[in-house]
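Per chain, numbering begins at 1; letters A, B, ... match sequence-line order. Heavy-atom basis, side chains included; hydrogens, waters and symmetry copies ignored.
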Protein chains: 2
Amino acid sequence: MYSRRMSTSERLIESTRELLWERGYVGTSPKAILERAGAGQGSMYHHFKGKPDLALAAIRRTAEELLAAAEAVLTGPGTPYERIEAYLRRERDVLRGCPVGRLTMDPDIIASDELRAPVDETLDRIQELIAGIVEEGKELGQFGPRVDGEEIAATVLATVQGGYVLARASGSPAAFDAGVRGLLSLLRS
Amino acid sequence: MYSRRMSTSERLIESTRELLWERGYVGTSPKAILERAGAGQGSMYHHFKGKPDLALAAIRRTAEELLAAAEAVLTGPGTPYERIEAYLRRERDVLRGCPVGRLTMDPDIIASDELRAPVDETLDRIQELIAGIVEEGKELGQFGPRVDGEEIAATVLATVQGGYVLARASGSPAAFDAGVRGLLSLLRS
DNA sequence: GTCTATAGTACGATAGAC
DNA sequence: GTCTATCGTACTATAGAC
């Protein structure tokens with residue numbers, strides 16, 4: 001349960017963020033959120049219109065945080081290859097999966113344009129960032145002239161998102177790391 | 001609703017397969033399964049011990065089908081590169097996601113070793129198949145000598161699984177295709 | 001083997017006291 | 001703002017008739 005120094009609405013959002021990550025939207029009940037936040041039914045319906053509204057606030061915050069973390073490594077120091085490597089190797093709680101990407105497997109998220117939008121925008125922004133870096137690397141002769149920035153960016157993002165799937169299937173982060181190493185070996189050659 | 005020429009237990013398994021694909025384990029209720037199968041509560045609890053038992057039968061069948069489809073293209077004709085390309089480009093209902101991989105985002109599947117096992121085994125077998133093909137290609141000089149079969153196989157599988165994530169996030173199969181083209185361009189160079 | 005009835009709990013939301 | 005009480009429905013499972 002969250003500290004009472006946090007406002008009730010903050011505690012609700014943080015509890016929802018955790019539960020969405022752990023159990024997804026369909027698997028997260030208002031009751032579970034309220035228990036974790038240490039709040040009653042009334043508080044939730046005072047601050048939010050309902051479960052979808054609270055989830056939207058939680059998803060937006062998680063999406064912003066993820067984008068900021070990705071931007072931090074991608075716009076950091078180093079050559080284009082090094083920045084992509086830094087993104088691929090950045091610290092991750094692999095077995096927990098991606099707090100944003102996992103939402104795409106939730107039927108109620110996909111059914112709602114409003115809930116899906118932050119997910120789409122976040123992945124799209126990261127892809128654009130990576131695409132720009134690849135194009136930069138091409139000009140420096142670091143990547144072959146025939147590779148396409150947008151496509152490689154999609155591959156990089158997909159390798160990460162799919163790496164989570166392989167890791168969770170096997171119950172070990174090893175498969176995630178293997179996928180990343182494989183991609184880096186291809187980017188190097 | 002399924003044809004009555006199928007046995008009740010068959011209809012239950014097929015309905016469960018569909019619903020697991022569409023809504024995941026947590027999002028699939030026995031009631032929804034029974035409605036789709038055109039059966040009553042008693043039938044389900046006669047043929048299966050409960051929701052987890054029925055889901056296990058459904059997951060096993062879906063996993064077998066997926067493995068067979070993957071084996072078909074991977075052991076088909078063509079050079080190692082061509083077989084991997086055939087796997088990556090094989091017909092997929094991209095926006096529906098992977099019926100096996102999507103289960104890794106389900107908390108109740110991950111919490112149960114029994115339900116997770118068919119998922120793990122299926123992805124593992126496909127990875128082994130691809131790894132062997134890559135090693136074969138290395139001997140033929142089709143892939144660089146410094147690439148590792150297991151790693152590239154993880155990258156290939158992750159690109160597919162992550163491609164579904166990107167496609168569902170954007171509501172379009174385009175991102176999946178872009179990721180695949182990016183990976184193929186890297187494998188070629 | 002299949003059905004309906006029913007159980008007990010949880011779902012998501014509202015009402016109204018404080 | 002926050003609480004408890006309550007609503008009507010759905011959840012997973014069991015019982016027992018046919």
Side-chain angles (χ1 to χ4, degrees), chain A residues 1-59 103 106-112 114-116, chain B residues 1-59 103 106-112 114-116:
Chain A
M1 194 191 286
Y2 281 99
S3 155
R4 291 311 175 94
R5 281 173 315 184
M6 222 185 270
S7 74
T8 301
S9 116
E10 274 300 304
R11 295 203 314 275
L12 286 168
I13 292 176
E14 290 304 311
S15 300
T16 305
R17 285 190 345 126
E18 286 181 3
L19 283 162
L20 286 178
W21 197 354
E22 291 167 22
R23 305 195 42 85
Y25 182 86
V26 164
T28 296
S29 69
K31 192 190 179 194
I33 294 168
L34 296 169
E35 271 168 14
R36 194 170 291 212
Q41 288 275 85
S43 293
M44 172 175 147
Y45 286 98
H46 171 76
H47 292 286
F48 302 96
K49 288 201 280 282
K51 180 183 168 181
D53 189 42
L54 172 51
L56 183 59
I59 291 170
L103 299 172
D106 229 296
D108 292 3
I109 301 278
I110 295 303
S112 157
E114 217 179 354
L115 292 174
R116 186 173 55 83
Chain B
M1 194 191 286
Y2 283 99
S3 155
R4 290 314 175 93
R5 279 174 317 185
M6 223 185 269
S7 73
T8 301
S9 116
E10 274 301 303
R11 295 202 316 274
L12 286 168
I13 292 176
E14 290 304 312
S15 300
T16 305
R17 285 189 345 125
E18 286 182 4
L19 283 163
L20 286 178
W21 197 355
E22 290 167 21
R23 305 194 43 85
Y25 182 86
V26 165
T28 296
S29 68
K31 192 190 177 193
I33 293 168
L34 295 170
E35 271 168 13
R36 194 170 291 212
Q41 289 275 84
S43 294
M44 173 176 146
Y45 286 98
H46 172 75
H47 292 286
F48 302 95
K49 288 201 280 283
K51 180 183 168 179
D53 189 42
L54 172 51
L56 183 58
I59 291 170
L103 298 172
D106 229 297
D108 292 4
I109 301 277
I110 295 303
S112 157
E114 216 179 354
L115 292 174
R116 186 173 55 81

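- Atom CD of Glu10(A) is surrounded by more than 12 heavy atoms from other residues, nucleotides or ligands within 6.0 Å.
- Salt bridge Glu14(A)/Arg17(A): present, at least one basic N to carboxylate O contact under 4.0 Å.
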> Stepwise, does the side-chain contact (heavy atoms from CB on, under 4.5 Å) test hold for Ile13(B) with Phe48(B)?
Replying inline: CA-CA 10 Å; Ile13(B) 292 176; Phe48(B) 302 95; 3.7 Å; yes
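- Note: NE2 (His46(A)) to P (dT14(C)) measures 15 Å, nearest angstrom.
- Shortest non-hydrogen contact noted between Ala58(B) and Leu20(B) is CB-CD1, 4.1 Å.
- Atom CZ in Arg11(A) sits roughly 13 Å away from atom C1' in dC3(D) (whole-Å rounding).
- Protein atom CG of Leu54(B) is 10 Å distant from nucleotide atom P of dA13(D), rounded to whole Å.
- Separating the CD1 atom of Ile33(A) from the C1' atom of dA13(C) is a distance of 13 Å, rounded to the nearest angstrom.
- Counting to the nearest Å, the C1' atom of dT4(C) and the CG atom of Leu34(B) are 13 Å from each other.
- Considering every non-hydrogen atom in both Ser15(B) and Ile33(B), the closest pair reads CB-O, 3.8 Å.
- Contact detail for Ala55(A) and Tyr25(A): the closest heavy-atom pair is CB-CE1, 3.4 Å.
- A heavy atom closer than 4.0 Å to some atom of DNA chain D occurs in no member of residues 14-22 of chain A.
- Applying the 4.0 Å criterion to OP1 and OP2 of dT2(D), one finds that His47(A) has a side-chain N or O inside that range.
- Atoms CZ (Phe48(A)) and P (dT2(D)) sit 11 Å apart, rounded to a whole Å.
- The side-chain heavy atoms of Arg36(A) and Thr16(A), taken from C-beta on, include no pair separated by under 4.5 Å.
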So which protein N/O to nucleotides 8-12 of chain C N/O distances come out below 3.5 Å?
from    : atom 1 : to       : atom 2 : distance (Å)
dC11(C) : OP1    : Ser29(A) : OG     : 2.8
dG12(C) : OP1    : Lys51(A) : NZ     : 3.0
dG12(C) : OP2    : Pro30(A) : N      : 3.1

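- Shortest non-hydrogen contact noted between Thr28(B) and Lys51(B) is O-NZ, 2.8 Å.
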